[in-house]
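To find a chain, count down the sequence lines: A is the first, B the second, and so on, and within it residues start at 1. Please read these numbers as outputs of a predicted model, since none were measured by experiment.
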2 protein chains.
Amino acid sequence: MPSSGTQTYHHGDLRSALLDAAANRIENQGIEGLSLRKLADDVGVSRSALYHHFRDKNALLNAVAANGFASWIAMTSESGGDESVPAPVRMKQFVYGYVHWAVEHPQLYDLMFGRPIWKNDLADDELKDVAYPAFQYMLSLITHWQQQGLLLADKPALRQTQVIWATLHGLAKLVTDGVYADSSHIDEMCDCAVNMLLPSVN
Amino acid sequence: MPSSGTQTYHHGDLRSALLDAAANRIENQGIEGLSLRKLADDVGVSRSALYHHFRDKNALLNAVAANGFASWIAMTSESGGDESVPAPVRMKQFVYGYVHWAVEHPQLYDLMFGRPIWKNDLADDELKDVAYPAFQYMLSLITHWQQQGLLLADKPALRQTQVIWATLHGLAKLVTDGVYADSSHIDEMCDCAVNMLLPSVN
DNA sequence: TCTTTATCTTGACAGTGTCAAATTATACGC
DNA sequence: GCGTATAATTTGACACTGTCAAGATAAAGA
């Protein structure tokens with residue numbers, strides 16, 4: 001059976017099969033628990049078949065993270081794009097959406113925004129091409145808020161974006177890392193963050 | 001030569017020698033680059049000598065993290081304890097101190113507040129005994145600010161502490177993980193954070 | 001049909017954490 | 001001071017990891 005997918009040799013579509021299996025394993029066992037050999041077993045293929053589709057383990061993780069950014073962007077633009085909803089409500093929705101998405105995909109969030117990839121400059125071009133627009137989207141969103149007078153204009157929008165993002169990222173991290181043990185208070189923490197950072201939403 | 005240190009058998013004081021070597025390697029290569037066998041080489045001892053002083057690798061990392069918390073607390077109480085300095089200035093100093101300490105000890109900070117230890121409940125009692133007071137210190141500090149009217153009282157001090165800490169943690173993480181590539185703007189980001197979170201400091 | 005090319009497997013290597021058994025050095029009772 | 005118990009350390013081994021080179025297999029193109 002030839003032309004069914006993009007790659008239709010022995011396996012059919014090994015590349016995306018590996019990506020799916022990797023995403024599954026990461027969601028369940030985390031990045032530390034991901035071994036290429038177990039992965040090959042999951043897909044029913046030999047241990048080094050993978051190297052014909054990814055240069056090495058890092059390249060595979062990059063691809064999984066890239067997929068994560070794609071679905072992150074889908075989530076974000078959905079919750080922030082509806083112009084019929086008043087801006088203050090949208091701001092609150094954005095905060096809730098951000099933190100909840102991280103809490104619902106803790107391992108993936110960790111892979112996307114965590115240090116192993118970014119710290120050591122291990123992100124390849126494909127990943128950067130998806131990740132940078134995500135950063136940029138937040139900046140444009142918050143710049144828009146500032147222009148509408150929802151934020152104080154005494155500091156550059158870039159800095160305010162960095163601080164707001166830091167707060168969201170910090171909340172997400174502290175919750176998903178289990179430092180804030182009682183995650184039942186996520187909504188209250190989000191409320192408080194909105195209250196402190198976004199004076200126009202009271 | 002008997003009673004010179006706590007452990008004076010073959011090596012003399014292998015336990016703290018291992019801790020020092022581990023802290024050094026973590027500071028330079030990061031936690032991922034730390035191998036027990038290289039560590040044993042550093043100290044000049046066999047690969048499994050370590051197991052008579054630490055139950056396993058995680059126990060050693062716990063001990064390193066515990067030392068980190070001790071020095072973190074020393075730094076923090078130094079910058080926040082001087083009562084002769086006006087409170088708003090101390091608040092600003094606290095924010096600067098927090099972020100800068102993280103930036104100066106990125107790998108150690110990562111180990112102390114990162115997920116491998118807390119997420120999977122890998123922290124032993126010794127570590128918790130040092131870490132919890134650190135959390136508690138921040139809470140008491142910020143509660144104090146609120147009582148002095150430096151913060152709005154419309155939300156519980158616990159929640160405000162969590163949000164402020166999240167912001168500091170997020171800033172530290174985004175900088176040390178290399179997501180905020182240009183770390184020369186750390187001070188501006190701290191300024192902006194103080195500005196947004198602590199209305200009494202303008 | 002034959003050649004080329006891409007895909008996959010097998011064997012191997014260096015590296016990892018960890019344990020059991022053997023070895024060595026120190027401490028303690030006499 | 002000597003002999004024994006105990007703690008510290010080493011050696012050998014195991015299962016696991018990522019990665020590569022060489023060989024085998026299947027598809028694609030002429």
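Counting to the nearest Å, the P atom of C:dT16 and the CG atom of B:Asn58 are 18 Å from each other. Distance CG (A:Asp41) to P (C:dT10): 12 Å, rounded to an integer number of Å. Summarising the geometry, the separation between OH on A:Tyr51 and C1' on C:dA12 is reported as 14 Å, rounded to the nearest angstrom. Spacing between atom CG of B:Leu60 and atom P of C:dG17 amounts to 10 Å, rounded to whole angstrom units. If you take CG of B:Leu14 and P of D:dA7, they are 16 Å apart, rounded to a whole angstrom. Remark: C1' of C:dG17 and CG of B:Leu36 are 6 Å apart, rounded to the nearest angstrom. When the C1' atom of C:dA14 is taken as reference, atom CG of A:Asp56 falls 17 Å away, rounded to whole Å. When the P atom of D:dG18 is taken as reference, atom CG of A:Leu18 falls 13 Å away, rounded to whole Å.
In the interface, the side chain of A:Arg37 is paired with the base of D:dG18 through a donor and an acceptor atom under 3.5 Å apart. Checked by distance alone, A:Ser48 brings a side-chain donor or acceptor within 3.5 Å of a matching partner on the base of C:dT10.
Between A:Leu50 and B:Leu50, the one whose closest nucleotide on DNA chain C sits nearer the 5' end is A:Leu50. When each of B:Gly44 and A:His52 is assigned the nucleotide of DNA chain D with its nearest heavy atom, B:Gly44 is the one assigned upstream, toward the 5' end.
Residue A:Ser35 places at least one side-chain N or O closer than 4.0 Å to OP1 or OP2 of D:dG18. Distances shown here put every side-chain N or O of B:His53 at or beyond 4.0 Å from the OP1 or OP2 atom of D:dA7. The side chain of A:Lys57 contributes no N or O atom lying less than 4.0 Å from OP1 or OP2 of D:dT17.
Out of C:dT18, C:dT10, C:dC8, the shortest distance to the side chain of A:Arg47 is found at C:dT10. The side chain of B:Val45 sits closest to D:dT10 out of C:dT16, D:dT10, C:dC19.
Using a 3.5 Å distance cut-off with no hydrogens or angles, the side chains of A:Arg159 and A:Gln162 do pair a donor with an acceptor. If you check the side chains of B:Gln107 and B:Arg25, you find no donor sitting under 3.5 Å from an acceptor.
Note on ring orientation: taking the six-membered ring where Trp is involved, the planes of B:Trp165 and B:Phe135 are tilted (angle from 30° to 60°).
Here the side chain of A:Asn195 pairs no donor or acceptor atom with the backbone of B:Lys155 at under 3.5 angstrom.
A:Leu34 comes within 4.0 angstrom of the backbone, heavy atoms only, and of no base.
Interatomic distance, B:Phe69 CZ to B:Leu108 CG, rounded to the nearest 0.5 Å: 9.0 Å.
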